[in-house]
Structure formats: structure tokens, C-alpha cells
Amino acid sequence: MSKKPRVRFAPSPTGELHVGNARTALLNWLFSRHYRGEFVLRIEDTDRERTSKKLEGRILKELQWLHIDWDEGPGKPGAYGPYHQFERLDIYKEYLNKLISKDKVYPCYCTEEELAEERAKLLSMKQMPRYMGKCRNLTARERKELEKKGRKPAYRFKVEKDVVMFKDLIRGNMRFDCDSMGDFIIMRSNGIPAYNFAVVVDDHLMEISHVIRGEDHLSNTALQILLYRTLGFEPPSFAHHSLILGKDRTKLSKRHGSVSVSEFRRKGILPEALLNYLSLLGSSFGEGKEVCSVDEIVRDFSLERTGKSGAIFDEAKLNWLNGIYIRKYDLKELTEQLMPFITDAGYDCHSIKREWMYSVVDAVRYNLTDLSDIIHYIDIFFDDQYKLSDDAISLLKEDEALDVVKQVYDTLIHMPSRRNGIYDSVIKAVREKTGLRGRKLFMPIRAAVTGRLIGPELDKVFAVLGRESIIKRAERAIELAR
Ligand code: GLU
């Protein structure tokens, strides 16, 4: 690539960041990082009724959480701003006037009702709904009269008989016949530009070299190319990736379950796991490798091998990947990420010593699929929270099991209180005294000490709890089993 590529992500802040949009952002970001180009964040906030600053703020937060940073955009001034479309209305007006003076657009006075009527009529005749050009050839007098009646015009682009062809970097050669398009609105009567127009003006002025977005925009691209041609702009390269699908192969939506980045964050998916999952979803540049660091993904990224076929979102796989990240995460970092979940479960994190928390997290991380799972394990480390489950009690009621716990108690009582590495000594002593090994030895100890039959590794639990607590727990278990 000769010139530094410039790409953009252009969300409309009308809702939470959907994983499909996050994937689009990610593919643009990876492309810019792979080719050492620039990544622009542009906010498409012209729909004043549906967009809000609050939603914009949430989108930015989720992008930052995913470690997707931008070189220009909100909070990052650049040479091509403003980066909010609503602050660029004068610019669109200027280009509208250019198109008016070239006679490439015309004012349209049709009301919503008239347009709906036309649409219904075409549909009833099994024809593609499109604008049939009612206002295209109005005389100056007719226009004036309509304006006198108080009608404010929108502006429509004149689509001529033509074909649009372009080579999509992911999908290959594309061809669109203009017959089915109809003259389309580029500026609404309230002075707000239509998406297709604003995007062309912005992508051109912001010198965007590659437009990477979902395949649902393919037909928009055809309209946009017509505008590029008429405005005399060089179009960027286009790449339309497939959309994320649910298991039933329809576009991933709320009825499939969680779909927004914030939902996954709140469930306790780590940003690195989601980034890894979304980058490789429906792509083949990973060469079948499933766990890749960001650096590896940036290094191996290939747009041509990205998102060609519909990608089925598999939450179970994301969870599996998340478990892997939880296991290999830096312990201190992981503990920090877990803190909000621990607080939510009702623990006062400030009063808990960090060092102690690290050892708890280290003990349970192998049992976690997502961060919120911590609430199922943390209680066993607090003497006042720890409870024995019914199956733990029934196991302890067996004589052989109870004997194991009694031996644990006995061994610990006779052990010097400040001794390190109590686990190995206890196991060795109890094994010798009872002659038991394997499950018969470990399950009763687990049941007594953690109150459950499954859970974190016992040596780590011993290390966290220490002698006094284990003595207390053994005593209690013996009492309950009687
Ligand atoms: N605001 C548009 C959207 O969110 C941007 C589409 C584009 O990338 O051109 O769908």
C-alpha cells in the first residue's frame, strides 16, 4: 500500500454497541494497525430523535474496554474534524448546492402519505418499491406554488439509466443495475442529510481510503458510488464483510440472547477474549488457531480472508475462550477485573487485603468460565459464609469419610501453628493413618473444608485458609455429620 491507509468506524449512537458493530470496528482497527494506517471514529448522529450523547458515551466506553483506540474522533482532535456529523451540516449544504447547480438533484415536495401510497401501489403490483419521479420534472411555477402552500422540499438525486460496478475486496466483482433504485433523497426537508450523502461527503473529505463495513450496506454502496461519480470524487476501496448470524442462520439479534458488548462485559467476559473471538469469527487468516494475542491478530490480519461467509455466533465457544484467558491472565489484573463482581456479590472489597485476594483468585481461576462465576466460589473462603451442601453432609455421614476428617483435625491440632506447607503434611499423615488414597481421601476433605464436592484445588484452598480455619471447619463438619 503506497499511501497510509485511512479507515473509519462510523457508529450511529442509537443503541448499545452490538457485537456485530464491534466486529466492524475491530476489522477496521486491525486493518489500520496491520498496515500502520489511521483509524478514525466518526459519530453519525444526524438522527436527532434516536441518537443521544449518553448512548454515544456508552459506545465509546465499550470500544475503549475492548482496547480499540482511535487516532482521530471524539476526544482526539485531528485535521479532518469535526467528527460528529451534526456539527458538519454546513459542509453537506455546500455540497448539496454544488449538486443543485449541476442539475443533479431536484426538490421533492411529496408528503409522507403520498410516498406511502406510492409504495403500497408498487408493492400491490409486485414491483420493487422506489420513487417514481413525481417531482422530477416540476416546472419552476409548480415548485413555487407548492412552496406557497408551505411545503418544504427534500432533495433527491437523479438516478440515470446506468450500472454500477465495483470490486469488493472481500466479495469480488459487484454489479448493480440503477433501474431498481429510483431517485433517492440526499437531503431531508429539515436540512439534515441522508445517510448515503453525508457518508460520501465525509469519507471523501476525511480521505478515507478503505470502507470496511457489513454486507447489509452493499446496496447503499451502489448509491454512494453514483454520488462519488457525480461529485467528481475518487471512491475509496470497499470491503463488505458478512454479518454475524445466530444458530438459526438469521441475523444475530436479541432473540438469540446477549448481543451487546455491554452484556458480555457485565457477564464477565474479558475484553481480550471477546476481541480474540470477534476477530477470528468467520475469518480464515488465523489458520485454524483459536487463541491468538492481539499482536498476533494484528500481524496475521488479512482483509481478503475476513468475514466472507456468514459467521455463526457461538456463545459456548466464547465462554470456552474466556476460560482460557482467565487462566492465563496476569493475576493482579485478573483480581482487579473481578473486584466489581465480588463487590456486587455483597463483599466489601476495601476491607479485604489485596494479597489475600490474589491467593483466592489464584485458587479459583481454574473453575471460572466467566468473571461472574467468582460469586459461586468466593464464599468458601469466608468462615462466616461457608456452608456445607446437602451432598457434602451426606458424604461426611459415611464412617470412612468421617474418619478422614477426624484425622485431618487430629493432625492439625498437633501441628505447630506457624508451620508452612500444611497441605502436604496433612495429606501424608491422613493417608498413612487411614490407608486411603484418591477420591476416598480427597473428597471428604474437600467436603469438610469447602462444603462442596467440587471446586478449586485443595492445596490452594489450604494455603488461603490456613491452619486455624481448617481446624474450625473440620470440627464443624464432624459435628454436622454426627
Ligand atoms: N452509521 C452507519 C451505521 O451505523 C455507518 C455505516 C457505514 O459504515 O457507512 O450503519
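The chain is numbered in sequence order, starting from 1. Quick caveat, the model's predicted, so the values are computed rather than measured.
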Open item on the list: I'd like to know whether the aromatic ring centres of His217 and Tyr195 sit less than 6.0 Å apart in this structure.
Closed with: yes
Open item on the list: Please determine whether a side-chain nitrogen of the Lys or Arg among Arg6 and Glu207 lies less than 4.0 Å from a carboxylate oxygen of the Asp or Glu.
Closed with: no
Open item on the list: Are His210 and Phe31, when compared by the centres of their aromatic rings, separated by less than 6.0 Å?
Closed with: yes
Open item on the list: When you measure from the side chain of Asp183 to the backbone of Val159, do you find a donor-acceptor pair of N or O atoms at a distance under 3.5 Å?
Closed with: yes
Open item on the list: For Lys102, I'd like to know if atom NZ has over 12 heavy atoms of other residues, nucleotides or ligands within 6.0 Å.
Closed with: yes
Open item on the list: Determine whether the aromatic ring centres of residues Phe166 and Phe238 are separated by less than 6.0 angstrom.
Closed with: yes
Open item on the list: I'd like to know if the side chain of His256 reaches the main chain of Ser253, judged simply by a donor and an acceptor atom lying under 3.5 Å from each other, with no hydrogens or angles considered.
Closed with: yes
- [ ] Check whether any side-chain heavy atom of Asp168 sits under 4.5 Å from a side-chain heavy atom of Asn173, and report yes or no.
- [x] no
Open item on the list: Here's one to test your reading of the geometry: is the NZ or CZ of Arg33 within 45 degrees of the ring axis of Phe301 and under 6.0 Å from its centre?
Closed with: no
Open item on the list: A quick test of your reading: do over 12 heavy atoms of other residues, nucleotides or ligands sit less than 6.0 Å from CE of Met125?
Closed with: yes
- [ ] With the side chain counted from C-beta on, respond yes when His240 and Arg213 share a heavy-atom pair under 4.5 Å apart, and no when they do not.
- [x] yes
Open item on the list: Would Arg156 and Tyr131 count as a cation-pi pair here, with the cationic atom under 6.0 angstrom from the ring centre and within 45° of the axis?
Closed with: yes
Task: salt_bridge(Arg136, Glu160) N-O dist < 4.0 Å - done: yes
Open item on the list: Would you say the ring centers of Tyr95 and Phe233 fall short of 6.0 Å from each other?
Closed with: yes
TODO: Indicate yes or no: does Lys134 engage Glu118 in a salt bridge with an N to O separation below 4.0 Å.
DONE: no
- [ ] Answer yes when Asp370 and Arg266 have at least one side-chain N-carboxylate O distance shorter than 4.0 Å, and no when they do not.
- [x] no
Open item on the list: Side chains of Glu117 and Glu114, heavy atoms from C-beta outward: is any pair under 4.5 Å?
Closed with: no
Task: Short N-O contact, Lys76 and Asp71, less than 4.0 angstrom - done: no
TODO: May I ask you to test the Lys267-Ser258 pair for a side-chain heavy-atom distance under 4.5 Å?
DONE: yes
Open item on the list: Can you confirm whether or not the ring centre of Phe313 sits under 6.0 Å from the ring centre of Phe264?
Closed with: yes
Task: Close side-chain approach of Pro456 and Tyr377, heavy atoms under 4.5 Å - done: yes
